[in-house]
Amino acid sequence: MGTITIPQPVKAIIGVLTPEPCLLPTVYTELTHRLGPIDFASELLPFTNTTYYENEMGPGIQRQFISFERLIDGGTLVEMKLFTNKVEQAFRIKKSDGEARRVNLDAGYLCMAKLVLASTKDNAHRIYLRDGIYAEITLRFYRKTFQPWEWSYPDYRLPTYIAIFNQIRKIYRNQLENAETS
């Protein structure tokens, strides 16, 4: 029988999609009420790998990744995803053909070994957690950098994104090292 151990806390991250960057300060205020201060925000990047979200959100979608200073228990991923879904809902607008999101929030976490994203959609490579939420190991840390899997989203394979996650991982590693010395 294995000995149960408590895993290290993880670093909450959110990948944000929006065609309206002017909304981000307000969205981030909502997120920080629950997740604490933001300690990293990438540049706004054009989201051009797919047109999947354009029917709902319109053209000119941009991506930004943020991470949070306060480390969390990885077991709270479900709560984080349910919360980000509520934030998305709060920013919806009515359109002639129904409602549309103005922001899409990809909730997840990063630890030393991997990047995990939450999803409401099942697939062969996702594990059901609870309350309609699944977890996916989107990237693994291997040979000194994050590496995609065959199922990783095309944009998460981009060198620009990999560099962002490597940078967030350095922040996280420093947090863990500082916690050990204090």
Side-chain angles (χ1 to χ4, degrees), residues 2-18 21 24 28 31-32 34-50 52-53 61-81 83-84 104-129 133-182:
T3 304
I4 294 174
T5 59
I6 303 299
Q8 288 184 313
V10 298
K11 188 154 197 68
I13 63 133
I14 296 180
V16 182
L17 290 175
T18 186
L24 295 180
Y28 292 171
L31 295 174
T32 58
R34 174 81 174 257
L35 298 168
I38 294 170
D39 66 357
F40 175 87
S42 73
E43 294 179 44
L44 284 169
L45 305 164
F47 184 73
T48 56
N49 280 72
T50 179
Y52 180 82
Y53 296 99
I61 297 171
Q62 296 186 61
R63 162 83 80 186
Q64 186 171 47
F65 290 100
I66 59 174
S67 68
F68 297 86
E69 182 180 308
R70 186 172 63 220
L71 301 181
I72 64 169
D73 179 331
T76 63
L77 183 60
V78 170
E79 288 84 358
M80 185 178 165
K81 179 63 175 169
F83 167 68
T84 59
N104 176 350
L105 303 173
D106 293 338
Y109 68 78
L110 181 146
C111 64
M112 294 303 288
K114 60 192 168 281
L115 170 72
V116 177
L117 292 179
S119 179
T120 58
K121 300 172 198 81
D122 190 11
N123 209 317
H125 59 278
R126 295 187 179 144
I127 297 171
Y128 182 69
L129 300 175
I133 305 300
Y134 299 82
E136 168 187 299
I137 300 175
T138 302
L139 301 172
R140 66 181 172 146
F141 195 82
Y142 180 68
R143 295 189 177 173
K144 300 183 181 180
T145 190
F146 280 102
Q147 306 272 343
W149 299 95
E150 70 228 32
W151 57 77
S152 299
Y153 296 111
D155 56 328
Y156 279 78
R157 298 169 174 269
L158 294 172
T160 306
Y161 285 28
I162 298 291
I164 289 167
F165 297 127
N166 284 332
Q167 190 173 352
I168 295 171
R169 186 180 181 272
K170 286 179 186 174
I171 296 167
Y172 172 65
R173 185 182 64 221
N174 288 337
Q175 287 179 284
L176 293 178
E177 288 171 359
N178 290 338
E180 289 175 6
T181 60
S182 57

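- Put simply, the side chain of Ile13 reaches to within 4.5 Å of the side chain of Ser67, judged on heavy atoms.
- The line from CZ of Phe40 to CD of Gln64 is 8.5 Å long, rounded to the nearest 0.5 Å.
- In summary, the aromatic rings of Tyr156 and Phe65 are positioned with their centroids under 6.0 Å apart.
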(request) Could you please spell out the steps behind the side-chain contact (heavy atoms from CB on, under 4.5 Å) verdict for His125 and Trp149? (result) CA-CA 10 Å; His125 59 278; Trp149 299 95; over 6 Å; no
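- Side-chain contact between Asn123 and Trp151 is absent, with no heavy-atom pair separated by less than 4.5 Å.
- A donor-acceptor contact shorter than 3.5 Å links the side chain of Ser152 to the backbone of Thr138.
- Here the CD1 atom belonging to Ile127 is positioned 12.0 Å from the OH atom belonging to Tyr134, to the nearest 0.5 angstrom.
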(request) Please test Gln8 against Tyr172 for side-chain contact (heavy atoms from CB on, under 4.5 Å), starting from the C-alpha separation and ending with a verdict. (result) CA-CA 11 Å; Gln8 288 184 313; Tyr172 172 65; 4.2 Å; yes
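- Side-chain contact between Leu31 and Ile66 is present, with heavy atoms from C-beta onward closer than 4.5 Å.
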(message) The test is side-chain contact (heavy atoms from CB on, under 4.5 Å); show your working for Asp39 and Gln175 and say whether it passes.
(response) CA-CA 11 Å; Asp39 66 357; Gln175 287 179 284; 4.1 Å; yes
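- The OH atom of Tyr52 sits 11.5 Å away from the CD1 atom of Ile61 when rounded to the nearest 0.5 Å.
- Atom CD1 of Ile14 is separated from atom OH of Tyr28 by 8.5 Å, given to the nearest 0.5 angstrom.
- Taking both residues in full, the closest heavy atoms of Pro9 and Leu176 are given as O-CD2, 4.4 Å, listed atom of the first, atom of the second, then distance.
- Panel note: side chain Lys11, backbone Cys111; no donor-acceptor pair is recorded below 3.5 Å.
- The aromatic rings of Phe165 and Phe146 sit perpendicular, their planes meeting at an angle over 60°, well past the 30° parallel limit.
- For the pair Leu45/Leu158, no side-chain contact is recorded, criterion being any heavy-atom separation below 4.5 Å from C-beta on.
- Annotation for Arg126 and Lys121: closest pair NH1-O, 2.9 Å, computed over non-hydrogen atoms.
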(request) Output, in order, the C-alpha distance, side-chain angles, deciding distance and verdict of side-chain contact (heavy atoms from CB on, under 4.5 Å) for Thr160 and Glu43. (result) CA-CA 10 Å; Thr160 306; Glu43 294 179 44; over 6 Å; no
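- Contact record, Val10 with Leu110: CB-O, 3.7 Å, taken as the closest heavy-atom pair.
- When every heavy atom of Arg70 is checked against every heavy atom of Gly36, the shortest pair comes out as NH2-N, 3.4 Å.
- Although no hydrogens or angles enter the test, the distance criterion places no donor-acceptor pair under 3.5 Å between the side chain of Gln147 and the main chain of Arg140.
- Leu117 and Tyr153 make their closest contact through CD1-CE1, 4.2 Å (heavy atoms, listed as atom of the first residue, atom of the second, distance).
- Once rounded to the nearest 0.5 Å, the distance linking CG of Leu77 with CD1 of Ile133 reads 8.0 Å.
- Once rounded to the nearest 0.5 Å, the distance linking CG of Leu139 with CZ of Arg169 reads 12.0 Å.
- For the residue pair Met80 and Gly108, the shortest heavy atom distance occurs at CE-O, 3.2 Å.
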